[in-house]
Structure formats: C-alpha cells, structure tokens
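Since this is a predicted model, take the numbers as computed values, not measurements. Here is how names work: the chains are called A, B, and so on, in the same order as the sequence lines, proteins then strands, and each is numbered from 1.
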Amino acid sequence: MNAENTCIQIAVMVPLRRIFSYAPPPEGRLQPGMRVRVPFGKGSRVGIVLGYASCPPDVTLKPIGQVLDAHPVLPSALQQLVQFGAAYYHHPIGDAWATALPTLLRQGRPLPEPAPQGYRLSIDEAQTAQRQPGKLQQALREHLITHRVVHTTAIPKELRATLRQAVRRGWIEAVMEDTPPTQVAPSPHCLNTEQASAVTQLRMARGFNAWLLEGVTGSGKTEVYLEAIRPHLESGAQILVLVPEIGLTPQLVERCQMRFGARRVAALHSAQSDGERLRIWAAAAAGRIQVIIGTRSAVFVPLPRLAMIVVDEEHDPSFKQQNGWHYSARDLAIQRARLENIPIVLGSATPSLESLCNAQKGRYRHLQLRQRATSADLPVMTIVPLRRENLQGGISTTLLTACKETLEAGNQVLLFLNRRGYAPAVLCHDCGHVIQCPRCSAPMTWHRRQERLRCHHCGHESRWPQACPACHSTALITAGQGTEQLEEVLRQRFPQTPIWRIDRDALHDRDSLATAVADIRQNRAAILVGTQMLAKGHHFPAVTLVGIINTDQGLFSADFRAPERLLQTVVQVAGRAGREERPGQVLLQTHLPEHPLLQSLARGDYRPPAEALLNERRAAGLPPFAALTLLRAEAHQRYRVDTFLSAACQCVPPALVEISGPLPSLMERRAGFERAELWVQAPNRTQMQKALNLWLPQLAGLSSARHVRWTLDVDPLLIT
DNA sequence: AGCACGCCGACT
DNA sequence: GTCGGCGTGCTC
C-alpha cells in the first residue's frame, strides 16, 4: 500500500518536449539506456528508459509493452552525451535519441548477434561427421582442412546452406573471438621535425585535453594522426575519427586500412545501407573494430576502449546538422572527450575562428605544422582586378592567358566557381524582370544541358519561359555564369584540351568522383572546372594553376560568416596547386582588388586574414565573442510568423540576452513557406543557456506557436 | 510527428 | 445526401 507508485520515465521517440511515465514491468529491473516498446496514442512507439521516479497514486499508467534490450544500448557516457546535447540545443530528448541511434535500432530491431569471425572443424569432428558425408559436406570439410579457420566471406555461396547445417549438427564450429591483430605496418614516411614533435606530444596526452592541429595544406596532418594513434592501436584501444563527408576522403580510409589492417578499420557513412551501418556499429560497440572513420552521427558510436578522438577538417560547416536536431558533431565530440576523459585533436589547414580563439585563450593546446611535408613551396597568389578586363563567360583575359601557358607547359588548370548550372539567373532584356522560383524568394538557375530552369533551394523545375511574365517581351537572356557555361566557354577556347567538370550535376550522370579523379591523374594537360567538391581533400598533382572565378560572392553576402568561408575555401583550393615539386600559381578574380581581406589573403598565409576577421567579430560582438541563437519560424502566411515572433519577443527573460528582430530570413520564402527569425545574443554560452531555459517553456506555451513551425538553432553556422 | 475528431464545399 | 479538405488537440 504505497502512498506513491514507482513509474518508469521514458523518452519516447517523438519530437515532443516531454518525458512519459509508464508502469514498470512486474519482473526484471530496467536500466537507463534500454530500449522499450510502449503503447503510445493509438499505436506503439520505441522509447528509451531514462530512470525510475515516483508518481502520485491516483494516476493510472499504461504498462511498458516490451523490453527490447538486455543491456543499455548506449554506455553511460554516451547517454550523458545525448542528454547534454538535447539540453544544450534545446531539442526533444526522444528525437535526440532517435538521431543518435542507427535507423534499425531506432525502429526497434534487435541488436545483431556478433557475426562469427570464421569457422573451423570441431575437435570431435571425426565422430560426428562419420555418417554418409555428402558431396557438399565433403567439399566443405576439405575446404576447412586446407584453410583451418575460414572467414565467412571466404566460403563459397553454394556451401553456405551446408555450413549452417553443419554448425547445427556440431561438426563445424563458429570461431567468435578476435583473430589476433595483424602486425601494424611501420610508417612509410619519414616525419619532419614539426610532425615528429606533434606526434610525441599527442602520444603523451593523458586524460581530457583538446588540441588544435593547424597545418598548412600538404604539411602531412594525416601522417600525424596516424602516427599519434599507432600506440593506442597496438595496445588494443579504439579511435574515433570524424570527417566532414566520407565520399570526399576515401584516401583517409584506405591509408588507415593499409597501415593498420583492413579488419581493424571501418568507415561509417550515409551511403551504406541501414543493415551495413548497424553491423559496423555493433562491431564497434563490441570492440571488434578499432578505428571508426565516420561523418557527423558517428560521434554517437559506442566504443568501449575509446582512447582518442580526431576531428579532421574541423572548420567544415557540414559538422553542424542543418535539419532536425541542430547539433555540432565537432562540439559534441569535444564534450564526449570530456565525458570519457580522453584527448581530442581538431585538425585543419584553415581552423574555424571559434577554434583559433579557443587556442589563443589557452583552452586548446596548439600544434602547428608550418612546412609542407614535400619540398613543394606554397603557391603564389595574385589578385586579378576585373575593372578593365574583357570578360569571356566570366573569365578574364589575364586568366585565359595563364591557362594557355599552363596547358602548353603540359600542366593542369583548376578553375573554381561555386555555382552549378549554366547561369544563376534568367532575366528580361526589356524590363529587367528576373524569373523567380514560384515557391522561394530566389532566382531560378538555367541548366542548359537539360534545358530546364531549376530552383536550387526547393527543386522546382520549369521550361524556358515563352515570354517575360511582367512585360510579355520574348527577349529573355541569361545573366551570370555557372560551371556548365564555364565548361562550354573553355571548350571553345581550348578545343584540344580535355575538360572535366566536377560538380553535383556532372557527377550525377557520369561515374563517381573517385573515377573522375583517377582519370584526371592519368591525363597530362587538362582543365578542371568545379564547385566546392574540388576544394576538399583531393590531390591533383599536375595542377599548377588555380583560378578563383567569383571571389566576390563571399564579400557581399549578408551572412557574417561568409568572409571566413571565402578565406577557408580559397586557401583550401589554393592548396590543390603546386604539389609534387611544381610551383603553383593562384589567380583571384575580383572587382574589389583593394579589399583588405583579399590583400591579406594574397600574401599566402591563412593566419593574418583569419586574425583580422577575428578582430572584426570582436568589435561587432559576434561569435566567438558572444553566444548566438536563432529562433526561426515559418508558415504559409506571413502574419502568423510575425505574430509568433513578436509574441516570443515579449516573453524574453529580461536583462539576460539581447534580441534583434523579427527579421526576414535571408531567403524570405522557401518551398512555399514564409520565414523570419529572431536573433538572440548573450555575452557567453552560460548566460545564453540560462536565458533559453527560462524562455523555452514560455515559447512552447504561446498560442501563436501552434500556427507556425519553429526551431531554435543554438550556435547557428549557416544563415540560410 | 502521427492520428482522430470536427465542421464546411463539390461530387456520385 | 456523402467524400474529403486541413484546423485543432492529444499522446503516460
């Protein structure tokens, strides 16, 4: 006769900012982190046990439907990480858990049994196998006699059924334990003094420690990671490596597997099937994989013997999730390292201003690699003023001449233009009207090859308009240049030269980036035209000239981070040039040749312009010198967005934060939704959290909140 | 997010 | 006379 009942608190996997209570099952104790299936509304949902609590005796609770796990699905440190992340980014806990788990576990599927490492004949095989061995049994038996232990994948398909039967009958047994680790290959490279010093310091790191490894392009950061983690792998520990996009860094996986053995190292990314991802996830959780190289969500992979985390290209914006739970995998990785009390390395040639600031404040230990690992010099940057230049499809005569000379010398040219399609706009020659996407406040992009107008924000497509919608003139023309047009212009100018376009459109209908890259390496003189995709990771040894076509885009953007990204992109693209003992040259086309950022950038080093940008941020009171959160709202009707945001302004906890807005979003209309936002600034993250914790319940209670879709973006990265 | 309930327009 | 539009409210 308890005055109070115990109930179990469950994070149900729905996007609701609530925890639900259920009656505990009659037998068996539940542990936090176990998955359960619970009756919910009309049907049932998967949920996570958070703990026991007492609840008043008068409420009747539904019982837990089914306990799905014998053990917590995430270890306690990761449970804390999900908890922390949900609280910090003010995201519903159930949905945070759903995001942290592989799809199949989220859906309630069981954790897979560990796959056997191999098979062998059992000791008493002689007795059990006597009765009439069939042809297949005999074949299998001989296979196992010659190979002793056979890995599952090495068994011919036609013998699989026989194998299953043989295991059931007992004359073949599964080998579950790890194969002894293969010998770790010695480093094929000789480290220079800076690399060696970085490796030594990282190897001595014990306990939580954050390191910023800042190394110019070509300085051999990867070699430092690999050598720093080597002793951990030799002692059987595990390593987590986070990368921005795995498709762009397949060499890292290959290099890692080459050195440490393919069986120890696995990649985890969205191109894999749900089943494959779960298998790798489970193998990592069971300690059978030592190195996980993965994108964002890999920050939640359980690794029982985790010894170090590496975040490669830590400045890359794709570490911040843009939909659903807006978490930064880089920042959560740091929190994970803190919770697990291990060192973490953030590596980049162009560190984010946030990380630079942390290094300067002494929160991160700073490691620098100033020399390139090969003897190649850093490329020379030259500003090409466009004021007087004759432009051909966006290319200046100066750049064209440089291309010609480079090609004649048998070298390759890389032209960077961050705009897909043929032209970023179509306009009326008579009245100037620009063809807009009907669902977004953005111009439509002309794709000439498919003869379609496409919106890059919502995917809307249409034909070339018959007449101007405003004045009915038929004189419609394209304006501006995209990669498709650049490619066309270059084909006219250099008909004999192979030209490669590397962007999402070009790779869609041809083969993968990897094959394109392989082909490019085979070729001599060639031109590469491409977007962002070209800037990341790949080495093009024969490229000696890099042209940045539209430098100015990053100088005019309303996003306060645009100059930082411009700087990082230019330095990264420039780093593709002049490797392998050939001097490189970078030409920056601009209408603003005197712009201080470009002047500073042209001197070649990342640091001075980065520090200038940091000073600007300090003066403007922007991150990393203040904490920033965006309250975004969208609805079909504009007045509902404004009503909600104004009401949200009214209930802001006074004195803690400063509010600007409601401001229309950079793209006011997107996919048929009217969008606006509130900017919330606080002197630091602690104060921000205090304010958000007071504000959020008020927000959720607003009646106007029910007519809009709203989200909080803590530490926003892209102001889209 | 789903899912049901509920009150107003064009169809067999 | 119904089928169905999406506005509103709820989920232990």
- Task: May I ask you to say what A/Leu16 touches in the nucleic acid, namely base, sugar-phosphate or nothing, with a heavy-atom cut-off under 4.0 Å?
- Result: base

- Task: Taking the side chain as every heavy atom from C-beta outward, state whether A/Asp316 and A/Gln568 have any pair of such atoms under 4.5 Å apart.
- Result: no

- Query: Which part of the nucleic acid does A/Phe40 contact within heavy-atom distance under 4.0 Å: base, sugar-phosphate only, or nothing?
  - Reply: base

- What do the steps show when you test A/Glu314 against A/Ser355 for side chain to side chain donor-acceptor pair (under 3.5 Å), and what is the final call? CA-CA 9 Å; A/Glu314 66 84 26; A/Ser355 295; 2.8 Å; yes

- Distance check: side-chain N/O of A/Arg706 vs OP1/OP2 of C/dG9, anything under 4.0 Å? yes

- Message: Would you say that more than 12 heavy atoms from the other residues, nucleotides or ligands in this model lie under 6.0 Å from the CZ of A/Arg106, or not?
- Response: yes

- Measure the CZ-CZ distance between A/Phe673 and A/Arg632 for me, rounded to the nearest 0.5 Å. 15.0 Å

- Note on the structure: Outer limits of DNA chain B sitting under 4.0 Å from a non-hydrogen atom of chain A, read 5' to 3', are B/dA1 to B/dA4

- Query: Would the number of heavy atoms belonging to other residues, nucleotides or ligands and lying under 6.0 Å from CD of A/Glu658 be above 12?
  - Reply: no

- May I ask you to decide if the ring planes of A/Trp325 and A/Tyr89 are parallel, tilted or perpendicular, using 30° and 60° as cut-offs? perpendicular

- Atom CD of A/Gln637 and atom C1' of C/dG7: how far apart are they, to the nearest Å? 11 Å

- Message: Which residue is it: A/Arg561, A/Arg685, A/Arg330? I am looking for the one with a salt bridge (charged side-chain N to carboxylate O under 4.0 Å, His left out) to A/Asp715.
- Response: A/Arg685

- Residue pair A/Pro317 / A/Arg565, side-chain heavy-atom distance below 4.5 Å: yes

Hey, what are the protein-to-nucleotides 4-6 of chain C N/O distances that come in under 3.5 Å?
none

